[in-house]
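Below: one structure, written as structure tokens.
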Amino acid sequence: MTAGEWRGVPNLARRHWQSLWLRRLFQALTWLGVMLLAILLFRIARQGAVWLDWDFLTSFPSRFPARAGIKSALAGTLWLIGLTALISVPVGVAAAVYLEEFSRAGRLKTFIEVNIANLAGVPSIVYGILGLAIFVRGIGLGRSVLAGALTMSLLILPVIIIAAREAIKAVPQSLRQGAMALGATRWLTVRHHVLPGALPGIMTGVILALSRAIGETAPLIMIGALSYVAFVPEGPMDGFTALPIQIFNWTARPQQEFHGLAAGGIIVLLAVLLLMNAAAVAVRHRFQRRR
Amino acid sequence: MRKILLASLLIPALALGGAGCSGKKDAGESGTQLGGTVHIDGSSTVFPITEAVGEEFQMLHRGVRVTVGISGTGGGFKKFCSGETDINDASRPIKEKEALLAAEHGIGFIEIPVAFDGISVVVNPANDWVDHLTVAELHQIWMPDSPVKTWRDVRPAWPDREIKLYGPDVDSGTFDYFTETINGESQVSRPDYTASADDNVLVTGVAGDRDALGYFGYAYYAENTDRLKVVPIDGGGGPVTASHTTINNGTYAPLSRPLFLYVSTKGGERPEVREFVKFYLQNAATLAAEVGYVGLPARAYELGWQRFESGKTGSIFNTDKARSGLSIVELLSL
């Protein structure tokens with residue numbers, strides 16, 4: 001059957017052709033993204049793989065590329081992300097629960113919502129300036145890993161709140177009504193039905209947010225995170241450095257070997273990120289099965 | 001997951017309680033064991049030297065922590081002048097404004113030069129016409145509203161090809177020094193050049209462009225001698241090529257600049273800071289060379305240490321005397 005025969009649908013052949021062509025275009029664009037990532041990963045792996053060994057993970061930075069490692073940066077990043085998660089997840093989820101389950105519609109709520117949405121788009125360096133003024137100097141935390149974690153928490157809170165709200169919204173209304181019909185208070189409903197139901201979605205948001213935090217450099221440099229540290233932070237008030245800072249520092253060096261080390265650092269950063277993602281998927285999976 | 005996370009955070013925290021206390025006790029009892037932290041921030045140009053010194057120093061004094069940040073010379077001075085750090089790495093002398101801020105907070109500072117950086121002017125290896133450039137020609141090329149568009153505009157014998165310029169961006173101390181020396185005023189330059197905060201980008205740019213001319217720190221040329229050609233500079237006494245020798249003995253002028261430590265007098269009273277400064281000056285010549293810079297003449301380090309020991313505060317390098325063509329040893333002897 002040709003298009004001309006079917007009078008009700010004009011230009012059918014052209015539409016089919018268009019559809020096919022667009023499909024190919026979208027396919028190509030999708031692959032472009034994947035290809036770019038693959039090329040990037042390949043180049044990084046080729047440059048950095050030779051530097052990756054146990055010593056690289058367990059040595060402090062050094063002016064000799066062969067002796068240099070990322071021990072302090074890796075430890076700093078783990079501390080930073082751990083503390084950031086401890087601070088931002090409870091606060092973020094609590095805020096989302098309040099906004100979705102407890103607050104009444106009104107000017108105040110709209111005001112808060114608009115603010116959170118705007119905060120999500122603020123450049124990270126601005127959070128760095130804020131962190132420097134409030135945490136480092138204001139409360140006098142100094143250039144500690146705690147000050148860094150608080151700054152990072154501010155940075156990712158909007159993302160967590162928005163993701164958690166979406167997840168809570170997606171929990172069917174019938175669940176809430178059922179629980180309340182049986183005499184559960186609002187809190188009991190949230191605690192036993194809404195939160196477990198929303199957990200997979202919340203976890204996804206948390207991981208996305210933490211993944212952003214782990215790669216941030218600008219706010220850390222702003223609050224005065226260090227670049228050369230030959231010790232591992234032993235408490236939240238210790239000075240620290242982080243993987244992105246160490247990587248940045250190495251790429252700026254004139255010696256080629258340091259560029260290799262930077263690539264090695266990137267691989268480690270990616271590995272940490274993947275591990276975090278894997279942990280989140282595992283948790284999500286477990287909760288989904290239990291329900 | 002959160003419980004595990006919490007536990008993993010608590011364990012090192014508890015360990016700190018124990019370790020921290022015992023560490024302090026040792027220091028107090030024996031009296032010879034150094035402890036404490038030396039807080040350093042400032043220029044990313046000076047960073048590699050300070051990192052190297054810190055690395056060696058901590059091998060000798062295991063109890064001392066040396067921390068180095070890279071907020072930039074200006075950012076570092078802000079912290080230094082409000083008393084947050086003991087030492088500031090600086091790739092230029094302290095400014096009047098910064099010195100005033102320090103005075104406001106009651107911070108005295110001792111200025112100690114620790115190494116030279118020779119700003120290298122480079123072209124592509126395929127460039128076979130440039131044999132040297134005079135300071136006047138550099139000024140002609142880099143001044144604001146420069147009429148130079150092609151190489152022939154610099155010297156009539158050179159080819160009629162567009163000249164492509166590469167240089168550090170406006171936040172860089174190298175830019176400050178180059179513009180002040182060549183154009184007579186800091187931060188004044190023609191704006192139509194390829195600017196980057198990352199010197200490696202400039203190296204790649206010049207290495208891949210036959211018509212390029214660029215400038216950056218000596219270390220970046222020294223690591224890429226096969227991809228770049230350095231241009232001898234005539235500052236009035238004939239063309240001189242940037243090298244370890246010419247930078248060290250002061251003949252590579254006027255594009256050699258000193259790099260500094262600024263030590264706070266209050267910090268300098270602490271034994272660990274004092275030891276660190278001493279160690280720095282004893283080893284800077286060797287370590288600076290290892291990371292791509294040029295050490296000062298030995299006498300300059302002695303004079304620097306004397307300055308520190310006698311607590312001589314204030315800056316000589318931000319005064320007119322520093323621009324009068326005196327050598328670094330002469331300046332320090334003033």
Side-chain angles (χ1 to χ4, degrees), chain A residues 60-64 67-68 72 75 78-79 81-83 85-86 89-90 132 136-137 142-143 145 149 203 206 220-241 245 248-259 262 276 279-280 282-284 286, chain B residues 1-2 4-6 8-9 12-20 37 39-41 44-45 47-59 64-72 75-76 78-79 82 84-85 197-201 203 216-224 287 290-292:
Chain A
F60 289 117
S62 164
R63 68 181 183 284
F64 301 110
R67 267 204 244 152
S72 45
L78 293 179
W79 263 96
I81 290 304
L83 280 178
L86 277 181
V89 174
L132 180 68
V136 177
R137 298 204 172 131
R143 306 190 285 169
V145 65
M203 286 303 289
V206 166
L220 289 180
I221 291 194
M222 198 67 221
I223 64 158
L226 301 156
S227 293
Y228 173 71
V229 176
F231 57 84
V232 167
E234 288 165 335
M237 295 310 290
D238 275 1
F240 71 105
T241 185
I245 297 185
F248 168 73
N249 186 340
W250 276 334
T251 53
R253 293 293 186 93
Q255 294 86 0
Q256 283 293 329
E257 292 89 344
F258 282 112
H259 304 170
M276 274 169 51
V283 170
R284 209 160 64 187
R286 224 183 104 210
Chain B
M1 189 180 83
R2 226 175 285 157
I4 299 172
L5 210 60
L6 187 65
S8 66
L9 287 175
L14 290 174
L16 162 80
T37 308
H39 298 278
I40 309 170
D41 205 325
S44 56
T45 309
F47 175 83
I49 311 175
T50 304
E51 182 193 46
V53 176
E55 187 185 354
E56 292 296 317
F57 183 75
Q58 283 176 108
M59 283 180 194
V64 182
R65 289 173 161 191
V66 178
T67 66
V68 192
I70 41 167
S71 305
K78 259 181 216 149
K79 289 174 182 147
S82 46
E84 288 171 37
T85 52
D198 182 352
D199 293 319
N200 289 310
V201 172
V203 169
F216 37 72
Y218 178 72
Y220 291 86
Y221 163 68
E223 282 297 322
N224 296 287
L287 294 175
E290 272 184 37
V291 294

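In summary, Glu56(B) and Arg63(A) engage in a salt bridge, as defined by a charged side-chain N under 4.0 Å from a carboxylate O.
Counted within 6.0 Å of CZ on Phe248(A), heavy atoms from surrounding residues, nucleotides or ligands total 12 or fewer; the atom is thus considered open.
Taken from CZ in Phe64(A) to CD in Glu290(B), the straight-line distance is 4.5 Å, to the nearest 0.5 Å.
Scanning both residues, Ala262(A) and Thr251(A), for their nearest heavy atoms gives CB-CG2, 3.6 Å. Nearest approach of Tyr228(A) to Gln58(B), heavy atoms of both residues: OH-NE2, 3.3 Å.
In this structure, the portion of Arg137(A) lying under 4.5 Å from any heavy atom of chain B is its side chain and not its backbone. Of the atoms belonging to Phe240(A), not a single heavy atom falls under 4.5 Å from chain B. For Glu51(B), the parts lying under 4.5 angstrom from a heavy atom of chain A are both the backbone and the side chain. Looking at Thr45(B), there are no atoms closer than 4.5 Å to chain A (heavy atoms on both sides), in backbone or side chain. At a 4.5 Å heavy-atom cutoff, Phe216(B) makes no contact with chain A through either its backbone or its side chain. Of the two parts of Asn200(B), only the side chain, counted from C-beta on, holds a non-hydrogen atom closer than 4.5 Å to a non-hydrogen atom of chain A.
Side-chain atoms of Thr85(B) do not come within 3.5 Å of backbone N or O of Asp41(B) as any donor-acceptor pair.
Options Pro61(A), Ser62(A), Gly224(A), Ala230(A) differ in how many heavy-atom pairs under 4.5 Å they form with chain B, and the most are formed by Ser62(A). The choice from Asp198(B), Asp199(B), Ile70(B) that makes the most heavy-atom pairs within less than 4.5 Å of chain A is Ile70(B).
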